[in-house]
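This report concerns only the one structure given below.
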Number of protein chains: 2
Amino acid sequence: MDRPPIWLRPERAARGPRPAHSRAEIAAAAVRVADAEGLTAVSMRRIATELATGTTSLYRYVDGKDELFDLMVDHAMGDGRPPAPTGDWRADLTAVAHEQRALMLRHPWLVRLPATRPVLGPNTLAWLEATYAAVDVPGLDADEVLAQAATLLTFVRGHALEEIAELEAARGDQAAMSDWLAKQAQYGERVIGSGDYPHLSRMMLEAETPHAADRFDRLFERSLGHVLDGLAAHRS
Amino acid sequence: MDRPPIWLRPERAARGPRPAHSRAEIAAAAVRVADAEGLTAVSMRRIATELATGTTSLYRYVDGKDELFDLMVDHAMGDGRPPAPTGDWRADLTAVAHEQRALMLRHPWLVRLPATRPVLGPNTLAWLEATYAAVDVPGLDADEVLAQAATLLTFVRGHALEEIAELEAARGDQAAMSDWLAKQAQYGERVIGSGDYPHLSRMMLEAETPHAADRFDRLFERSLGHVLDGLAAHRS
DNA sequence: AGTTTACTGCGCACGCTGTTCGCAGTACGG
DNA sequence: CCGTACTGCGAACAGCGTGCGCAGTAAACT
C-alpha cells in the first residue's frame, strides 16, 4: 500500500462517515498513558480502550504503532511553547535549551521515541523554526545557522537522554533510588580498587557534582555554557 | 529476588556444573543478530536458538532481556578501542569523537539502547576513562573535567542519534532512500508554502549542506569544532 | 567416600503484543 | 437515488517475555 506520511494525509476523508475521533484526541490519550504508566503501557489495545473504541479501529487513523508514536511526539512537543525571540541570540538559545529540557523531563519517554525516525509534525517544526530564528542573523551563512542549531539541539537531546536514563534506573521511587545509589557505590569501590581507571577514580573521589542533589541542573548549566561559548566564537 | 547488577555477579558460580556458555559468547551472538537484522530480531528465543540452547536457559545468565541488552552494549563498545593519548587534548578528543561516532554507525541499534539504563561494563568504562584522560590536566578542577567530558560525549551521542534516525528512515536501501527523499521534498514544499516557517524555509532554500551526500560528515565536523571551541575557552 | 548443597539446562504454560482480513454499515458525489 | 469510498470492528495468527518446577551435576564439607 505504502501510504504517504501522516502529516501529508488529510485528517478527514472526502467521502464516508465522519471519523469518531480526531488525531489530537488519540495523541492526547496515548500521551496521558505514557506519562502515567510509561511507554510500555502504550499498546494499541490500551489506547483503543482508553478511547472506548475497538482495537483495530485505530488502524483507520494510523498506519501502525510507529505512526501512533509520531503523533505522540508531536503532541508532546506542543506541551511547551518556544520562547518569544528577544533579539539576544544567547538569551534566546538558553531559553530554548531550558524549555526543551524541561519538556523532555516532563515526558521522559520522549527522548526514546524519535530515535527511531525523524518526526516532522507542526509542533516539532515550530521548535525547529524557533531555534533557527534565534541563531539566524542577516549576513550569517545558512549552513552555519544549520550547524549551530544542530549543535545546540543535539546537545540538549543527548543530555536529556542520559539524565532520564539515570532517573529511570532509580525508578523515581525514593527507596529504590537509595538502593540504586548503594549498588553504585559498591561498584564504584570495585572500579577504583581495580586501578584500571585512574582518571575515572579521580573524578569519583574529587568531584563534587556527582554527589549533589541538583547535579544534573548544574551539569546542564555548565555544559550548555560551554556549547554556547563554542557558538559565540563563530559569530561576528 | 532483586539480584545485584550483572557486572558485580561472578560469571561462574562457586558450586554446580560449568555453564555451557560465556557472557561474551551470548553478547556476541546477540550483537551479530542485531547488526544483521536489527534490534527487533533480538528476542530471547532467537538468541537461544543461535546458541543451540533452550530459550529459558538464557535466564541463568541474564536477569531479563534488559540485561541481555546491557551485555550487547558493552560488547559493542569493545568493537573500537579508545585512541592512545597524545597529550594534545584537542586532537585526543577529536579522535574519541570520531571513533565513537564510527562505532555507533557500525552498530546503529547502539544509540537506542542505553537510553533505557546506564550501562557500566568494562568496555564502556574504558571509553569513559579515555575521555577523562584526554580532558584531564593537572590543575584543572575535577568538576570542570566532568563537565567537559560530558559535553563532548553527550554531543556525539546526540548527533549519532539523529544521523541514524534519518538513515533508518531511508532503510539503507537505495530505492527506498530516493522514495523517502521525494516524500521529504513534497513535504518541504508544503512547509515552505505555508509561510509559517520563514527561517526554516530559508535554510531549505539556501543551505548547501542538506543536499550534499556527505552532509552528516560535514555537519558533524563543523558542530564538533564548535563544541571543542567552547571547551577551549575554559582551559588555560 | 558419602552426603549435602547450590547450582544448570529446559519444557510447559500464561497473558500479552502488533497486525491482517473480511464484512456490515454510512455519508457524500454525481 | 444509486454507486462509491470510506468507517468501525470482531476474529484470528504468529510471536513475544518470563515464572515455575523438575531432573541432573559438580563442588564443598564431614
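Atom set for the values below is all heavy atoms of this structure, side chains included, hydrogens, waters and symmetry mates excluded. In what follows, chains are A, B, ... by sequence order, proteins preceding strands, each numbered from 1.
Considering only side-chain N and O atoms, S57(B) lies under 4.0 angstrom from the phosphate OP1 or OP2 of dC10(C). Applying the 4.0 Å criterion to OP1 and OP2 of dT7(D), one finds that Y61(A) has every side-chain N and O outside that range.
We find that CG of D63(A) is positioned 9 Å from P of dT19(C), with the value rounded to whole Å. With rounding to whole Å, D66(B) atom CG is found 11 Å from dG17(D) atom C1'. One atom, CD of E67(A), and another, C1' of dT19(C), lie 14 Å apart when rounded to the nearest Å. One atom, CG of L58(A), and another, C1' of dT20(C), lie 15 Å apart when rounded to the nearest Å. Straight-line distance from the CZ atom of R3(B) to the P atom of dA6(C): 16 Å, rounded to whole Å. Between the C1' atom of dC16(D) and the CG atom of L68(B) lies a distance of 14 Å, rounded to the nearest Å. Here dA6(C) presents its P atom at 18 Å from CZ of R9(B), a figure rounded to the nearest Å. For the pair Y59(B) OH and dG19(D) P, the computed distance is 7 Å after rounding to whole Å.
For residues 47-54 of chain A, proximity to DNA chain D is found at T53(A), G54(A), defined as any non-hydrogen atom under 4.0 angstrom from a strand atom.
Evaluation of the salt bridge (Lys or Arg N to Asp or Glu O under 4.0 Å) rule for R218(A) yields D214(A) as partners, not counting sequence neighbours. Residues passing the side-chain contact (heavy atoms from CB on, under 4.5 Å) test with A34(B), sequence neighbours excluded: V42(B), M72(B), W109(B). Partners of E129(B) according to the side-chain contact (heavy atoms from CB on, under 4.5 Å) rule, which considers only residues two or more places apart in sequence or in another chain, are Y197(A), P198(A), H199(A), L200(A). For Q186(B), there are no side chain to side chain donor-acceptor pair (under 3.5 Å) partners two or more places apart in sequence or in a different chain. Qualifying side-chain contact (heavy atoms from CB on, under 4.5 Å) partners for L105(A), counting only residues two or more places apart in sequence or in other chains: R101(A), E163(A), I164(A), L167(A).
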Report, one pair per line, the protein and nucleotides 25-28 of chain D atoms (nitrogen or oxygen only) whose separation is under 3.5 Å.
residue : atom : partner : partner atom : Å
dA28(D) : O4'  : R15(B)  : NH1          : 3.4

For nucleotides 12-14 of chain C, give me every protein contact, N/O to N/O, under 3.5 Å, one pair per line with atom names.
none

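Sorted by first and then second residue, the pairs that involve residues 39-49 of chain B and meet side chain to side chain donor-acceptor pair (under 3.5 Å), not counting sequence neighbours, are E37(B)-R46(B), R46(B)-E50(B). Every pair passing side chain to side chain donor-acceptor pair (under 3.5 Å) that includes a residue from residues 53-63 of chain A is listed here, sequence neighbours excluded: R3(A)-D63(A). Among residue pairs with one or both ends in residues 10-22 of chain B, those qualifying as side chain to side chain donor-acceptor pair (under 3.5 Å) are H21(B)-E25(B); sequence neighbours excluded.
Side-chain atoms of R23(B) do not come within 3.5 Å of backbone N or O of L71(B) as any donor-acceptor pair.
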Side-chain donor-acceptor pairs under 3.5 Å in residues 74-81 of chain A, sequence neighbours left out?
residue : atom : partner : partner atom : Å
D74(A)  : OD1  : N123(A) : N            : 3.2
D74(A)  : OD1  : T124(A) : N            : 2.8
D74(A)  : OD1  : T124(A) : OG1          : 2.6
D74(A)  : OD2  : N123(A) : N            : 3.2
D79(A)  : OD2  : R106(A) : NE           : 2.8
D79(A)  : OD2  : R106(A) : NH2          : 3.3
D79(A)  : OD2  : H107(A) : NE2          : 2.8

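Of the candidates dT19(C), dT18(D), dG8(D), dT18(D) carries the atom nearest the M44(B) side chain, counting heavy atoms from C-beta on.
Between the side chains of Q100(A) and H159(A), no donor-acceptor pair is found at a separation under 3.5 Å.
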